[in-house]
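Below is one structure, written out as structure tokens; comments come after it.
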Amino acid sequence: MNKKAWSPHSWKSQPIIQQPVYPSEHAVEHVVHELTNMPPLVTHFEVNTLRQALAEAQQGKRFLLQGGDCAESFTDCHTDNITNKLKILLQMSLILLHGMKKPIIRVGRVAGQYAKPRSADTETRGDITLPSYRGDLINEPAFTEESRTPNPQNMLRGYNYSAATLNHIRALVNGGFADLHHPEYWQLDFAKHSSHANDYENIASNIRSTLELLSIIPGIDTSELARVNLYTSHEALLLPYEQALTRHLAEDDKWYNLSTHFPWIGMRTGQLDGAHIEYMRGIANPVAIKIGPSVSGDALLRIIEVLNPTNEPGKLTLIHRMGHHAVAEKLPPLIEQVNRSGYQVLWSCDPMHGNTQTTANQYKTRRFEDILSELKQSFTIHRQLGSHLGGVHLELTGDNVTECTGGARGLTDDDLHHAYKSPVDPRLNYEQALEIAMLIAKI
Ligand code: PEP
Ligand code: CO
């Protein structure tokens, strides 16, 4: 199993699912060739720094906060959207830093989260059946033949939108926007009215005073301490795209996926002998895999052996997403098996994807209390088994949407229509995201 030589395209010899059917394979090859010659979006230095930080998170010295949209869209690539996403992640990380007393690794589902797995290959409306919408990297959501036909040019557009997004994030971060000395920059306009505004202000001013205090101690460089950065991540689903952005680095003779710092394998494409695991086993990036309730302990161990055969620190993150009803039953056997194996992993919890439901008025939603319940149970289970939960993976936005119910403002099913914007899964809105960070910090 998987003993053959790896190459960026060796995934093609394995069974593959969740891929579009393009009208012309030749056109796909053409685009892949073009992308192969484009500059990478991230550097292997950043990727390696992230892997080291994740290794420290495995030891409990750091905590991983990963979050963003279920699916980014090309039309949402504008200043406010990017800035608000950065702001909410920075605010949440400040709350977690303050509560957990450890550095936070910030990772956005951003600058490339454009490809989505779907439960069906096609969608039928009336007597018309068309390919499902699979994310902007592949096709368009409008229900017309032209929009839904997978277009390889979208890979080039996705590359360009990712580059524009990342460019703006880097400009903000390098320009001092993300400096811990100035958390006031991160205030969102509507946040003043939030019931959490005071708590957040207190935390921010506490951190400011701590930095001021530290700055008078000789030998401590608070400008280093206060510098904050953001890594990118996305589901590595569309393998021709991922392959095209894979680069060989002569320095360490390794292959890196330089479209993102931290790619993950989705729950639906985690088959041991499948193309996605084959692709991911050969890259030097830290990688994550989503683990759902149907994965057995034995299957998980075999996946770990393939993805991280040398047990390299920081290499592998397991993101469990069981649902609040199933987590108490499904998670413990997995943790016990991994504990016994001696493999080092970073455990993270995605409390979103196991808790999706459809309301009577046909909105796809998630209940805040279910999300919190899965998180609380997960922290406890890990603690009881001598393991620890070192990260969270959330779908959220810095905008004032109404997609998940509950939270301090008590959104109900009847409120969902006010500002339901997600084309795919429901996200925590600004206030709910802030609230969940405050609650995590207290667990
Ligand atoms: C997602 O993260 O948007 C997703 C599809 O998750 P999962 O693979 O866990 O279902
Ligand atoms: Co999702």
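Position 1 is the first residue of the sequence, and the numbers go up from there. Note that the structure is predicted; figures quoted are calculated from it, not measured. In listed order, ligands and their atoms are each counted from 1.
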Inset, instruction - Using distance alone, determine whether Met267 and ligand 1 share an N or O pair under 3.5 Å. - result: yes

Legend entry - Glu395 heavy atom under 4.0 Å from ligand 1: yes

Legend entry - Metal-centred angle, OD2 of Asp425 through the Co ion (ligand 2) to SG of Cys70, rounded to 10 degrees: 90°

Inset, instruction - Between Ala71 and ligand 1, find which residue part has any heavy-atom pair under 4.0 Å and reply side chain, backbone, both or neither. - result: neither

Legend entry - Nearest neighbour in protein (non-hydrogen) for atom 1 (C) of ligand 1: His353 NE2, 3.0 Å

Legend entry - Side chain proximity check, Thr412 to Thr405, heavy atoms < 4.5 angstrom: no

Legend entry - ring-ring contact (aromatic ring centres under 6.0 Å, His included) evaluation trace for Tyr133 with Phe143: CA-CA 9 Å; Tyr133 169 60; Phe143 195 72; over 10 Å; no

Inset, instruction - Examine Arg268 against ligand 1 and note whether any of their N/O atoms are separated by less than 3.5 Å. - result: yes

Inset, instruction - Consider every N or O of Lys116 and every N or O of ligand 1, then say whether any pair is closer than 3.5 Å. - result: yes

Inset, instruction - Around atom 7 (P) of ligand 1, find the nearest protein heavy atom and jot down its residue, atom name and distance. - result: Lys290 NZ, 3.5 Å

Inset, instruction - Scan residues 339-368 for pairs that pass salt bridge (Lys or Arg N to Asp or Glu O under 4.0 Å), counting only residues two or more places apart or in two chains. - result: Lys290-Asp350, Lys364-Asp425, Arg366-Glu395, Arg366-Asp425, Arg367-Asp413

Inset, instruction - Do me a favour and list the nearest non-hydrogen protein atom to atom 5 (C) of ligand 1 with residue, atom name and distance? - result: Pro117 CG, 3.8 Å

Inset, instruction - Mark the output for Arg109 as yes if a heavy-atom distance to ligand 1 is under 4.0 Å, and as no if none is. - result: yes

Inset, instruction - Kindly state each residue pair satisfying salt bridge (Lys or Arg N to Asp or Glu O under 4.0 Å) with at least one member in residues 139-152, sequence neighbours excluded. - result: Glu123-Arg148

Legend entry - Apex the Co ion (ligand 2); atoms Glu395 OE2 and His353 NE2; angle rounded to 10 degrees: 80°

